[in-house]
There are 2 protein chains.
Amino acid sequence: MADRIWELLPDPDPFAANCLSRVVLDHVTSKWGVLVLVALAEEPMRWGQLHRYIDGISEKMLAQTLRTFEADGFVLRDSKGTVPPRVDYSLTPLGRELAEVLIPLVHWVGKNVTRTGVADQAGSAA
Amino acid sequence: MADRIWELLPDPDPFAANCLSRVVLDHVTSKWGVLVLVALAEEPMRWGQLHRYIDGISEKMLAQTLRTFEADGFVLRDSKGTVPPRVDYSLTPLGRELAEVLIPLVHWVGKNVTRTGVADQAGSAA
DNA sequence: CAGTATCCGCCATGATACTG
DNA sequence: CAGTATCATGGCGGATACTG
(Lines give C-alpha, C1' and ligand atoms only; values in the text may rest on other atoms or scores of the structure.)
Protein backbone atom coordinates (compact mmCIF):
# COMPACT_ATOMS: atom_id res chain seq x y z
CA MET A 1 0.00 0.00 0.00
CA ALA A 2 1.32 3.38 -0.95
CA ASP A 3 0.76 6.27 1.41
CA ARG A 4 -0.47 8.36 -1.44
CA ILE A 5 -2.95 6.52 -3.58
CA TRP A 6 -2.48 9.04 -6.39
CA GLU A 7 1.13 7.99 -6.78
CA LEU A 8 -0.23 4.82 -8.30
CA LEU A 9 -2.15 6.77 -10.92
CA PRO A 10 -0.33 8.94 -13.43
CA ASP A 11 -3.02 11.51 -13.99
CA PRO A 12 -5.18 12.35 -11.00
CA ASP A 13 -2.48 13.55 -8.58
CA PRO A 14 -3.85 16.87 -7.35
CA PHE A 15 -0.42 17.87 -6.12
CA ALA A 16 0.84 17.93 -9.70
CA ALA A 17 0.12 21.11 -11.61
CA ASN A 18 -2.00 20.81 -14.77
CA CYS A 19 -3.73 17.78 -13.34
CA LEU A 20 -7.40 17.52 -14.28
CA SER A 21 -8.42 16.83 -10.72
CA ARG A 22 -7.18 20.33 -9.90
CA VAL A 23 -9.80 21.72 -12.25
CA VAL A 24 -12.59 19.81 -10.56
CA LEU A 25 -11.24 20.77 -7.16
CA ASP A 26 -11.24 24.41 -8.26
CA HIS A 27 -14.86 24.17 -9.32
CA VAL A 28 -15.90 22.58 -6.05
CA THR A 29 -13.91 25.01 -3.92
CA SER A 30 -15.01 28.01 -5.92
CA LYS A 31 -16.58 30.70 -3.81
CA TRP A 32 -20.10 29.26 -3.86
CA GLY A 33 -19.43 25.71 -5.02
CA VAL A 34 -19.67 23.87 -1.72
CA LEU A 35 -22.80 25.70 -0.62
CA VAL A 36 -24.62 25.09 -3.89
CA LEU A 37 -23.84 21.38 -3.87
CA VAL A 38 -24.74 20.90 -0.23
CA ALA A 39 -27.92 22.92 -0.62
CA LEU A 40 -29.05 20.73 -3.50
CA ALA A 41 -28.09 17.65 -1.51
CA GLU A 42 -30.64 18.64 1.09
CA GLU A 43 -33.35 18.91 -1.49
CA PRO A 44 -33.83 19.71 -5.17
CA MET A 45 -34.77 23.33 -5.59
CA ARG A 46 -36.01 25.85 -8.08
CA TRP A 47 -33.86 28.79 -9.11
CA GLY A 48 -35.49 31.36 -6.87
CA GLN A 49 -35.59 29.02 -3.92
CA LEU A 50 -31.89 28.32 -4.26
CA HIS A 51 -31.21 32.00 -4.61
CA ARG A 52 -32.96 32.72 -1.35
CA TYR A 53 -31.52 29.68 0.40
CA ILE A 54 -27.90 30.65 -0.22
CA ASP A 55 -27.93 34.03 1.41
CA GLY A 56 -25.78 36.62 -0.35
CA ILE A 57 -25.15 34.89 -3.66
CA SER A 58 -25.64 37.09 -6.72
CA GLU A 59 -27.71 36.03 -9.69
CA LYS A 60 -24.66 35.96 -11.87
CA MET A 61 -22.67 33.71 -9.58
CA LEU A 62 -25.57 31.35 -9.00
CA ALA A 63 -26.08 30.97 -12.74
CA GLN A 64 -22.36 30.57 -13.38
CA THR A 65 -21.88 28.01 -10.61
CA LEU A 66 -24.89 26.00 -11.73
CA ARG A 67 -23.76 25.97 -15.35
CA THR A 68 -20.27 24.85 -14.38
CA PHE A 69 -21.65 22.00 -12.30
CA GLU A 70 -24.07 21.06 -15.03
CA ALA A 71 -21.17 20.75 -17.46
CA ASP A 72 -19.23 18.77 -14.86
CA GLY A 73 -22.14 16.37 -14.55
CA PHE A 74 -22.93 17.18 -10.93
CA VAL A 75 -26.15 19.10 -11.38
CA LEU A 76 -29.25 18.34 -13.43
CA ARG A 77 -31.25 21.22 -14.84
CA ASP A 78 -34.88 20.50 -15.52
CA SER A 79 -36.73 23.25 -17.32
CA LYS A 80 -40.47 22.75 -17.46
CA GLY A 81 -40.80 25.04 -20.47
CA THR A 82 -43.87 26.68 -19.02
CA VAL A 83 -44.85 30.31 -18.77
CA PRO A 84 -43.97 31.66 -16.34
CA PRO A 85 -40.78 29.60 -16.39
CA ARG A 86 -40.10 26.91 -13.83
CA VAL A 87 -36.71 25.29 -13.58
CA ASP A 88 -35.78 22.63 -11.07
CA TYR A 89 -32.23 21.87 -10.08
CA SER A 90 -31.10 18.63 -8.53
CA LEU A 91 -27.97 16.57 -8.09
CA THR A 92 -27.05 13.82 -10.49
CA PRO A 93 -25.91 10.51 -8.99
CA LEU A 94 -22.35 11.71 -9.52
CA GLY A 95 -23.14 14.98 -7.81
CA ARG A 96 -24.70 13.14 -4.91
CA GLU A 97 -21.52 11.15 -4.44
CA LEU A 98 -19.57 14.37 -4.35
CA ALA A 99 -21.98 15.99 -1.92
CA GLU A 100 -21.56 12.95 0.29
CA VAL A 101 -17.97 13.93 1.02
CA LEU A 102 -18.78 17.64 1.21
CA ILE A 103 -21.45 17.39 3.87
CA PRO A 104 -19.05 16.19 6.58
CA LEU A 105 -16.86 19.20 5.81
CA VAL A 106 -19.70 21.68 6.22
CA HIS A 107 -20.90 19.94 9.35
CA TRP A 108 -17.44 19.91 10.86
CA VAL A 109 -16.89 23.59 10.19
CA GLY A 110 -20.27 24.51 11.62
CA LYS A 111 -19.70 22.50 14.76
CA ASN A 112 -16.11 23.53 15.34
CA VAL A 113 -15.99 27.13 14.24
CA THR A 114 -15.94 28.22 17.87
CA ARG A 115 -12.70 26.32 18.42
CA THR A 116 -10.92 28.16 15.62
CA GLY A 117 -8.99 31.40 15.66
CA VAL A 118 -11.70 32.99 13.59
CA ALA A 119 -14.02 32.85 16.57
CA ASP A 120 -11.34 34.38 18.82
CA GLN A 121 -10.81 37.31 16.52
CA ALA A 122 -14.52 37.94 16.17
CA GLY A 123 -14.88 37.73 19.92
CA SER A 124 -12.10 40.19 20.68
CA ALA A 125 -13.28 42.53 17.96
CA ALA A 126 -16.77 42.77 19.41
CA MET B 1 -34.22 15.19 14.06
CA ALA B 2 -34.00 18.24 11.87
CA ASP B 3 -32.88 17.86 8.29
CA ARG B 4 -30.49 20.74 8.74
CA ILE B 5 -28.54 20.48 11.92
CA TRP B 6 -27.54 24.16 11.67
CA GLU B 7 -31.15 25.17 12.06
CA LEU B 8 -30.77 24.13 15.66
CA LEU B 9 -27.82 26.45 16.12
CA PRO B 10 -28.25 30.20 15.72
CA ASP B 11 -24.75 31.05 14.60
CA PRO B 12 -22.99 28.44 12.50
CA ASP B 13 -25.44 28.23 9.61
CA PRO B 14 -23.19 28.53 6.55
CA PHE B 15 -26.19 29.40 4.41
CA ALA B 16 -26.65 32.64 6.32
CA ALA B 17 -24.45 35.49 5.17
CA ASN B 18 -22.04 36.97 7.73
CA CYS B 19 -21.86 33.66 9.52
CA LEU B 20 -18.45 32.89 10.97
CA SER B 21 -18.44 29.42 9.50
CA ARG B 22 -18.42 31.09 6.09
CA VAL B 23 -15.08 32.66 6.96
CA VAL B 24 -13.56 29.32 7.90
CA LEU B 25 -15.06 27.71 4.83
CA ASP B 26 -13.52 30.47 2.72
CA HIS B 27 -10.10 29.82 4.22
CA VAL B 28 -10.36 26.10 3.62
CA THR B 29 -11.66 26.47 0.09
CA SER B 30 -9.18 29.19 -0.79
CA LYS B 31 -7.16 28.41 -3.86
CA TRP B 32 -4.48 26.38 -2.06
CA GLY B 33 -6.18 25.65 1.24
CA VAL B 34 -7.24 22.07 0.66
CA LEU B 35 -3.93 21.03 -0.84
CA VAL B 36 -1.90 22.55 1.99
CA LEU B 37 -3.97 20.86 4.68
CA VAL B 38 -4.00 17.48 2.96
CA ALA B 39 -0.28 17.67 2.26
CA LEU B 40 0.48 18.32 5.92
CA ALA B 41 -1.90 15.54 6.88
CA GLU B 42 0.30 13.11 4.99
CA GLU B 43 3.34 14.23 6.88
CA PRO B 44 4.76 17.30 8.61
CA MET B 45 7.02 19.18 6.27
CA ARG B 46 9.54 21.96 6.12
CA TRP B 47 8.87 25.08 4.09
CA GLY B 48 10.89 24.11 1.03
CA GLN B 49 9.56 20.57 1.03
CA LEU B 50 6.00 21.83 1.10
CA HIS B 51 6.79 24.30 -1.66
CA ARG B 52 8.06 21.53 -3.89
CA TYR B 53 5.31 19.13 -2.89
CA ILE B 54 2.48 21.44 -3.91
CA ASP B 55 3.43 21.97 -7.50
CA GLY B 56 2.74 25.45 -8.80
CA ILE B 57 2.15 27.31 -5.56
CA SER B 58 3.98 30.63 -5.28
CA GLU B 59 6.01 31.60 -2.25
CA LYS B 60 3.58 34.36 -1.46
CA MET B 61 0.55 32.13 -1.50
CA LEU B 62 2.22 29.40 0.51
CA ALA B 63 3.22 31.89 3.19
CA GLN B 64 -0.18 33.51 3.19
CA THR B 65 -2.07 30.23 3.38
CA LEU B 66 0.14 28.93 6.18
CA ARG B 67 -0.23 32.12 8.21
CA THR B 68 -3.98 32.05 7.81
CA PHE B 69 -4.18 28.45 8.98
CA GLU B 70 -1.81 29.16 11.84
CA ALA B 71 -4.12 31.94 13.02
CA ASP B 72 -7.09 29.62 12.58
CA GLY B 73 -5.40 27.04 14.77
CA PHE B 74 -5.05 24.40 12.08
CA VAL B 75 -1.31 24.57 11.49
CA LEU B 76 1.59 24.59 13.90
CA ARG B 77 4.74 26.47 12.95
CA ASP B 78 7.91 25.26 14.61
CA SER B 79 10.94 27.41 13.95
CA LYS B 80 14.19 25.87 15.12
CA GLY B 81 15.87 29.26 15.28
CA THR B 82 19.01 27.88 13.73
CA VAL B 83 21.22 29.23 10.99
CA PRO B 84 20.49 28.41 8.29
CA PRO B 85 16.81 28.53 9.30
CA ARG B 86 14.73 25.43 9.62
CA VAL B 87 10.98 25.62 10.08
CA ASP B 88 8.70 22.64 10.38
CA TYR B 89 5.00 22.79 9.70
CA SER B 90 2.50 20.30 11.01
CA LEU B 91 -1.20 20.04 11.73
CA THR B 92 -2.62 20.76 15.16
CA PRO B 93 -5.16 18.30 16.54
CA LEU B 94 -7.86 20.65 15.29
CA GLY B 95 -6.23 20.77 11.86
CA ARG B 96 -6.04 17.00 11.79
CA GLU B 97 -9.76 16.77 12.43
CA LEU B 98 -10.36 19.11 9.54
CA ALA B 99 -8.01 17.22 7.25
CA GLU B 100 -9.91 14.08 8.16
CA VAL B 101 -12.95 15.36 6.29
CA LEU B 102 -10.91 16.86 3.48
CA ILE B 103 -9.04 13.70 2.51
CA PRO B 104 -12.18 11.89 1.32
CA LEU B 105 -12.92 14.86 -0.90
CA VAL B 106 -9.50 14.81 -2.53
CA HIS B 107 -9.62 11.05 -2.91
CA TRP B 108 -13.07 11.16 -4.45
CA VAL B 109 -12.10 13.80 -6.96
CA GLY B 110 -8.93 11.95 -7.93
CA LYS B 111 -10.77 8.70 -8.42
CA ASN B 112 -13.79 10.12 -10.24
CA VAL B 113 -12.37 12.92 -12.33
CA THR B 114 -12.69 10.72 -15.42
CA ARG B 115 -16.42 10.49 -14.90
CA THR B 116 -16.86 14.27 -14.91
CA GLY B 117 -17.44 16.66 -17.76
CA VAL B 118 -13.98 18.08 -17.23
CA ALA B 119 -12.48 14.87 -18.54
CA ASP B 120 -14.77 14.93 -21.57
CA GLN B 121 -13.76 18.43 -22.53
CA ALA B 122 -10.07 17.64 -22.11
CA GLY B 123 -10.51 14.53 -24.20
CA SER B 124 -12.27 16.25 -27.06
CA ALA B 125 -9.86 19.17 -26.94
CA ALA B 126 -6.83 16.93 -27.38
C1' DC C 1 16.79 28.13 3.90
C1' DA C 2 12.85 30.53 4.81
C1' DG C 3 10.82 33.75 4.16
C1' DT C 4 9.25 39.35 3.26
C1' DA C 5 8.46 43.40 0.31
C1' DT C 6 6.73 45.34 -3.65
C1' DC C 7 4.50 45.87 -7.82
C1' DC C 8 0.98 44.72 -10.97
C1' DG C 9 -2.29 42.29 -14.06
C1' DC C 10 -6.40 40.28 -14.54
C1' DC C 11 -10.15 37.70 -13.64
C1' DA C 12 -13.47 36.33 -10.30
C1' DT C 13 -17.07 38.60 -8.26
C1' DG C 14 -20.69 41.82 -7.75
C1' DA C 15 -24.32 45.54 -9.04
C1' DT C 16 -27.41 46.98 -12.24
C1' DA C 17 -30.36 46.86 -16.08
C1' DC C 18 -32.81 44.31 -19.20
C1' DT C 19 -35.63 40.14 -21.44
C1' DG C 20 -38.67 35.97 -22.90
C1' DC D 1 -39.91 33.46 -12.74
C1' DA D 2 -35.60 32.58 -14.47
C1' DG D 3 -32.42 34.03 -16.15
C1' DT D 4 -28.76 37.04 -19.63
C1' DA D 5 -25.96 41.18 -20.81
C1' DT D 6 -23.06 44.62 -19.58
C1' DC D 7 -20.01 47.21 -16.89
C1' DA D 8 -17.12 48.26 -13.03
C1' DT D 9 -13.75 46.98 -9.38
C1' DG D 10 -10.86 45.16 -6.01
C1' DG D 11 -8.46 41.89 -4.26
C1' DC D 12 -6.58 37.44 -5.26
C1' DG D 13 -2.80 35.60 -6.97
C1' DG D 14 1.74 35.62 -9.42
C1' DA D 15 6.54 37.33 -10.61
C1' DT D 16 10.44 39.30 -9.09
C1' DA D 17 13.79 41.16 -6.07
C1' DC D 18 15.57 41.37 -1.72
C1' DT D 19 16.96 39.88 3.37
C1' DG D 20 18.43 37.66 8.00
Side-chain angles (χ1 to χ4, degrees), chain A residues 14-19 22-37 39-40 43-72 75-90, chain B residues 14-18 22-37 39-40 43-72 75-90 118:
Chain A
F15 290 109
N18 69 34
C19 168
R22 280 245 183 125
V23 178
V24 176
L25 220 44
D26 280 347
H27 291 177
V28 173
T29 63
S30 70
K31 176 136 191 170
W32 302 100
V34 171
L35 292 183
V36 166
L37 289 169
L40 288 178
E43 64 173 321
M45 290 188 209
R46 301 174 58 177
W47 165 273
Q49 194 178 356
L50 203 45
H51 192 206
R52 270 173 278 114
Y53 196 86
I54 304 176
D55 191 19
I57 194 171
S58 68
E59 296 181 350
K60 180 184 172 181
M61 290 314 299
L62 179 55
Q64 185 174 309
T65 304
L66 284 172
R67 270 186 281 109
T68 297
F69 285 150
E70 202 191 345
D72 288 345
V75 162
L76 190 70
R77 192 192 115 112
D78 179 20
S79 174
K80 306 297 184 183
T82 56
V83 175
R86 169 179 180 132
V87 181
D88 289 330
Y89 290 94
S90 58
Chain B
F15 291 109
N18 70 34
R22 280 244 183 126
V23 178
V24 176
L25 220 44
D26 280 348
H27 291 178
V28 174
T29 64
S30 69
K31 175 134 190 170
W32 301 100
V34 172
L35 292 183
V36 166
L37 289 170
L40 288 178
E43 63 172 322
M45 288 189 211
R46 301 175 57 176
W47 165 274
Q49 194 179 356
L50 203 45
H51 191 206
R52 270 173 277 114
Y53 196 85
I54 303 175
D55 192 18
I57 193 171
S58 68
E59 297 181 350
K60 179 186 173 180
M61 291 313 299
L62 180 55
Q64 185 174 309
T65 305
L66 285 172
R67 270 187 280 111
T68 298
F69 284 151
E70 202 191 344
D72 288 347
V75 163
L76 190 70
R77 193 192 113 113
D78 178 20
S79 173
K80 305 299 183 184
T82 56
V83 175
R86 170 182 179 128
V87 181
D88 289 329
Y89 289 94
S90 58
V118 169

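Convention: sequence-line order gives letters A, B, ...; per-chain numbering from 1.
If you take OG1 on B/T65 and CD1 on B/I57, they are separated by 5.0 Å, rounding to the nearest 0.5 Å.
When each of C/dA2, D/dT4, D/dG14 is scored by its nearest atom to the side-chain atoms of B/W47, the top-ranked nucleotide is C/dA2. Side-chain atoms of A/Y89 lie closest to D/dG3 of the nucleotides D/dG3, D/dC1, D/dG14. Checking D/dT4, C/dT13, D/dG13 against every side-chain atom of A/A63, the shortest atom distance belongs to D/dT4. The B/R67 side chain lies nearest to C/dT4 when the options are C/dA17, C/dT4, C/dG14. Of the candidate nucleotides D/dA17, C/dA15, C/dC1, C/dA15 has the atom nearest to the side chain of A/K60. With D/dG13, D/dA17, C/dC1 as the choices, the nucleotide that has an atom nearest any side-chain atom of B/R46 turns out to be C/dC1.
Looking at heavy-atom distances under 4.0 Å, B/K31 makes contact with sugar-phosphate atoms alone, never a base.
Defining each end axis of the helix from C/dC1-D/dG20 to C/dG20-D/dC1 as the rotation carrying four pairs' C1' atoms onto the next four, with five pairs an end, the two axes are found to diverge by 50° to 10 degrees.
Taking atom CG of residue B/L66 and atom P of nucleotide C/dG3, one finds them 8 Å apart after rounding to whole Å.
Annotation: of the two residues near DNA chain C, B/P85 and A/E59, the 5′-most nearest-nucleotide partner is B/P85. If you find the closest nucleotide of DNA chain C to A/I57 and to B/G48, the one lying nearer the 5' end belongs to B/G48. Between A/R86 and B/M61, the residue whose closest nucleotide on DNA chain D is further toward the 5' end is A/R86.
Put simply, A/R77 has a side-chain N or O that comes within less than 4.0 Å of OP1 or OP2 on D/dG3.
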Item to check | Check against side-chain contact (heavy atoms from CB on, under 4.5 Å), A/V34 and B/V28 | outcome: CA-CA 11 Å; A/V34 171; B/V28 174; over 6 Å; no
Item to check | Full working for side-chain contact (heavy atoms from CB on, under 4.5 Å) between B/L62 and B/W32 | outcome: CA-CA 8 Å; B/L62 180 55; B/W32 301 100; over 6 Å; no
